[in-house]
Number of protein chains: 2
Amino acid sequence: MRRDVFQAIADPTRRAIILMLVVGAMTPNAIAEHFDSSRQAVSKHLRILTECDVLSKEQQGREIHYHLNADKLKDIEKWLEQFKQLMAKRFDQLDTVLEQLKSKRK
Amino acid sequence: MRRDVFQAIADPTRRAIILMLVVGAMTPNAIAEHFDSSRQAVSKHLRILTECDVLSKEQQGREIHYHLNADKLKDIEKWLEQFKQLMAKRFDQLDTVLEQLKSKRK
DNA sequence: TGTGTGCGAAACCAATTGGTTGCGCAAGTT
DNA sequence: AACTTGCGCAACCAATTGGTTTCGCACACA
């Protein structure tokens with residue numbers, strides 16, 4: 001199974017969970033309350049998010065606190081940055097083309 | 001089926017295709033050459049990417065030119081921005097807490 | 001010690017994914 | 001007119017997803 005940030009944020013429920021946990025750690029029950037699906041379904045998402053290294057568990061008595069590994073989301077930014085740099089390069093090339101057209105015109 | 005940018009970038013092959021098409025439009029065959037899987041497999045990815053509104057087709061004779069809809073990727077940035085703002089707010093709250101601790105200490 | 005609660009694990013399900021091969025059409029080429 | 005090429009489509013497949021319900025364990029509390 002592919003387990004990376006991109007997989008983690010592919011699902012809307014998981015994106016919502018991530019945003020919820022920015023503020024602070026939460027237990028599965030507390031998280032599940034905010035969704036229509038069952039606690040177990042949410043727990044599955046939590047498992048996937050943990051496997052993607054986006055979340056970490058912390059047992060406290062019989063409760064488990066899931067908290068966000070915010071750094072992991074930087075992988076998305078990294079890819080986006082790569083994309084933007086290519087875009088910039090593309091426009092540079094376009095600039096070159098325009099430059100050539102200009103010099104031809106005179 | 002879910003058809004959004006997050007779905008589009010969930011697959012590594014699709015991410016690679018996106019990066020390839022930043023530079024300029026390409027035909028399915030030209031794209032498929034860069035991958036190990038079959039042309040049809042790549043074509044499936046192209047279909048998904050088009051459905052996700054990340055790519056557009058342009059027929060030219062018997063060739064089809066796929067080109068990038070770069071704007072669509074802004075949806076990712078938007079979500080990331082939302083995330084960052086929540087993070088900032090969280091730190092603001094932390095600041096408030098630290099502030100309170102400081103005033104208590106005197 | 002019994003009872004309620006928080007949780008993961010397992011079994012099951014239909015739908016989707018990501019790949020394959022085979023086919024056929026339409027546009028070019030000879 | 002016959003062949004080649006570029007491409008999408010359909011059928012098939014195993015694996016994964018996202019959900020469910022049932023179960024059982026461990027902790028907390030009476």
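Just so it is clear: chains get the letters A, B, ... in the order the sequence lines come, proteins before strands, and each one is counted from 1. Basis for what follows: all heavy atoms, side chains included, without hydrogens, waters or symmetry-related copies.
Within the structure, side-chain hydrogen bond (donor to acceptor under 3.5 Å, both in side chains) pairs that include any residue of residues 27-43 of chain A do not occur (at least two apart or interchain).
Taking the side chain as every heavy atom from C-beta outward, B:P28 and B:Y66 approach each other to under 4.5 Å. Taking 4.5 Å as the limit, every side-chain heavy atom of B:V54 sits out of range of all side-chain heavy atoms of B:I9.
The distance between atom CG of A:L46 and atom P of C:dG6, rounded to the nearest whole Å, is 15 Å. Following rounding to the nearest Å, A:I48 (CD1) and C:dA9 (P) show an atom-to-atom distance of 13 Å. Straight-line distance from the CD atom of B:Q40 to the C1' atom of C:dC25: 14 Å, rounded to whole Å. Atom CD of A:E58 is separated from atom C1' of C:dG8 by 18 Å (rounded to the nearest Å).
A:R3 places no side-chain N or O within 3.5 Å of a backbone atom of A:A8 that could act as its donor or acceptor partner.
Nearest-nucleotide positions on DNA chain C place B:R3 closer to the 5' end than the other of B:R3 and B:R39. Closest-nucleotide positions on DNA chain D for B:S43 and A:Q7 were compared, and the one nearer the 5' end corresponds to B:S43.
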For the pair B:R2 and A:D11, evaluate salt bridge (charged side-chain N to carboxylate O under 4.0 Å, His left out) and give the outcome as yes or no after the intermediate values. CA-CA 9 Å; B:R2 223 171 325 108; A:D11 183 88; 3.6 Å; yes
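Look at A:Y66 and you won't find any side-chain N or O under 4.0 angstrom from OP1 or OP2 of C:dG6. Neither OP1 nor OP2 of C:dG6 sits under 4.0 Å from any side-chain N or O of A:T27.
Here C:dG19 is the nucleotide among C:dA11, C:dG8, C:dG19 with the atom lying nearest to any side-chain atom of B:A41.
Here A:K72 does not pair with A:D4 in a salt bridge; the nearest charged N to carboxylate O distance is not below 4.0 Å. Using a 4.0 Å cut-off between a side-chain N of Lys or Arg and a carboxylate O of Asp or Glu, A:E77 and A:K84 do not qualify as a salt bridge.
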I'd like a table of atom pairs between the protein and nucleotides 27-30 of chain C - only N or O on both sides, under 3.5 Å - with the distance next to each one.
unit_1 : atom_1 : unit_2 : atom_2 : d
C:dA27 : O3'    : B:R62  : N      : 3.4
C:dA27 : N3     : B:R62  : NH1    : 3.3

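Taking both residues in full, the closest heavy atoms of A:L21 and A:I31 are given as CD2-CD1, 4.1 Å, listed atom of the first, atom of the second, then distance.
Of all nucleotides in DNA chain D having an atom under 4.0 Å from a heavy atom of chain B, the first and last in 5' to 3' order are D:dT4 to D:dG18.
Counting any heavy atom pair closer than 4.0 Å across all strands shown, A:F35 reaches no nucleic acid atom.
Atoms CZ and CZ, from A:F6 and B:R15 in turn, are 4.5 Å apart once rounded to the nearest 0.5 Å.
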